[in-house]
Amino acid sequence: MVEFDRSRVAVVDHPLVQHKLGILRDKRTGTKQFRDLVRELAHFECYEATRDLPLEDVEIETPISATTAKRIAGRKLAVVPILRAGLGMVDGVLDLVPAARVGHLGMYRDEVTHEPHEYYAKLPRDIAERTCLVVDPMLATGGSAEAALQYLRAHGATDIRFLCIVAAPEGLARVLEADDEVRVYTCSIDEGLNEAAYIVPGLGDAGDRIFGTL
Ligand code: PRP
Ligand code: URA
């Protein structure tokens, strides 16, 4: 297997995640269920990727007494989907972090070279001050993720976490090599890539399965 820096990769392998991922991979799973599962898996990924957010004390009164409660402090969040398939994870993140801003990065993979082509970008103006959760279900060759991270770095982002559902070792190696600081959250590290640069066993084309364009 291709080697990569495992200290910057978190595998979110809760039993519920593994169960849902099994259904997601199954080729008999239809568009509606696939979309729902991607959103649900994004909950678990977001939960893990935000585990270290700082807290501050806040004084409140319950119906019974005064108490000190906690609230999230520090940087605000942005969720940045890589189009199209990343869109499938946005609502899952927003379910947990409703005030997050959303930036969009449009990329498609060339079918022959497998290299990414950027076709759209729109980020929150204050992206440099935000913790960025970049979302894309598939990390295959890593080309799209690398390009997305480069774009965000060039626009001043410093705190970036990459959330995918299935990752290939080749993609992990490429992304972690290209970006010294990013942390990657994935539900699975799969075997590798086939000759068409699809993840094996993977789940097929995530964008097509989310949007029903097979
Ligand atoms: C897929 C996927 C990733 C990319 C992963 O997108 O959603 O963005 O491929 O492959 P890579 O790691 O080799 O770059 P695709 O280009 O098929 O576009 P889509 O999301 O519009 O379907
Ligand atoms: N993009 C996908 O949607 N699936 C793969 O396996 C690789 C790239």
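We count ligands from 1, going down the list as the structure has it; atoms in each ligand are counted the same way.
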| message | When you compare the side chain of Asp205 with that of Thr213, does any pair of heavy atoms fall below 4.5 Å? | response | no
| message | Can you report which non-hydrogen protein atom sits closest to atom 2 (C) of ligand 1, along with the distance? | response | Asp136 OD1, 3.5 Å
| In the protein, which heavy atom is nearest to atom 10 (O) of ligand 1, and how far is it? | Arg109 CD, 3.1 Å
| What protein heavy atom is closest to atom 14 (O) of ligand 1, reported as residue, atom name and distance in Å? | Ser144 OG, 2.6 Å
| query | Going by distance only, is there an N or O of Thr141 that falls short of 3.5 Å from an N or O of ligand 1? | reply | yes
| said: I'd like to know whether ligand 2 has Arg209 as a neighbour, heavy-atom separation below 4.0 Å. | reply: no
| message | Considering both backbone and side-chain atoms of Ile82, is one of its nitrogen or oxygen atoms within less than 3.5 Å of a nitrogen or oxygen in ligand 1? | response | no
| Which atoms of ligand 1 sit under 4.0 Å from any heavy atom of Ala85? | 7 (O), 20 (O)
| field | ILVMFWY cluster, Val79 and Ile127 together (side-chain gap under 4.5 Å) | value | no
| said: Does the structure place the NZ or CZ of Arg174 under 6.0 Å from the centre of the six-membered ring of Phe162, at an angle of no more than 45° from the ring's axis? | reply: no
| What protein heavy atom sits nearest atom 4 (N) of ligand 2, and how far off is it? | Gly204 O, 2.8 Å
| request: Return the residue, atom name and 0.1 Å-rounded distance of the protein heavy atom closest to atom 3 (O) of ligand 2. | output: Ala206 N, 2.8 Å
| query | Numbering the atoms of ligand 1 from 1, which are under 4.0 Å from a heavy atom of Asp205? | reply | 22 (O)
| What atoms in ligand 1 come closer than 4.0 Å to a heavy atom of Leu83? | 20 (O)
| Which protein heavy atom lies closest to atom 6 (O) of ligand 2, and at what distance to 0.1 Å? | Ile199 N, 2.8 Å
| message | Starting from Val184, can I reach Ile82 by hopping between I/L/V/M/F/W/Y residues whose side chains sit under 4.5 Å apart? | response | yes
| If you look at every heavy atom in Ala49 and Arg161, which pair is closest and at what distance? | O-NH1, 2.7 Å
| query | Has ligand 1 got any nitrogen or oxygen that is less than 3.5 angstrom from a nitrogen or oxygen of Met138? | reply | no
| note | ligand 1 atoms nearer than 4.0 angstrom to some heavy atom of Gly207 are 22 (O)
| What atoms of ligand 1 come within less than 4.0 Å of a heavy atom belonging to Tyr108? | 16 (O)
| field | Contact with ligand 2 for Ala168, non-hydrogen, under 4.0 angstrom | value | no
| task | Measure the acute angle between the ring planes of Phe44 and His14, then classify it against the limits of 30° and 60° as parallel, tilted or perpendicular. | result | tilted
| request: State whether the shortest distance between N or O atoms of His114 and N or O atoms of ligand 1 falls below 3.5 angstrom. | output: no
| task | Answer yes or no: is there a side-chain heavy-atom contact under 4.5 Å between Asp13 and Gln18? | result | yes
| query | Can you tell me the protein heavy atom closest to atom 18 (O) of ligand 1 and the distance? | reply | Met107 O, 4.1 Å
| query | Between Lys32 and Asp36, does at least one N-O distance fall below 4.0 Å, as a salt bridge requires? | reply | yes
| Using a heavy-atom cut-off of under 4.0 Å, does the side chain or the backbone of Ala197 touch ligand 2, or both, or neither? | backbone
| said: If the contact criterion is a heavy-atom separation under 4.0 Å, does Gly142 count as touching ligand 1? | reply: yes
| note | Atoms of ligand 2 under 4.0 Å from any heavy atom of Ala140, numbered from 1 in the order shown, are 7 (C), 8 (C)
| field | Contact (N/O only, under 3.5 Å) between Arg84 and ligand 1 | value | yes
| note | among protein heavy atoms, the one nearest atom 5 (C) of ligand 2 is Tyr198 CD2, 3.3 Å
| Does Asp52 come within less than 4.0 Å of Arg183, counting only side-chain N to carboxylate O? | no
| Does the side chain of Ile210 come within less than 4.5 Å of Val38's, by heavy atoms? | yes
| remark: Closest non-hydrogen atoms of Gly207 and Arg84, given as atom of the first, atom of the second and distance, are C-NH2, 3.5 Å
| query | Less than 4.0 Å between a side-chain N and a carboxylate O, is that true for Asp126 and Arg101? | reply | no
| Can we call the ring centroids of His43 and Tyr47 under 6.0 Å apart? | no
| query | Do other residues, nucleotides or ligands put more than 12 heavy atoms under 6.0 Å from Glu111 CD? | reply | no
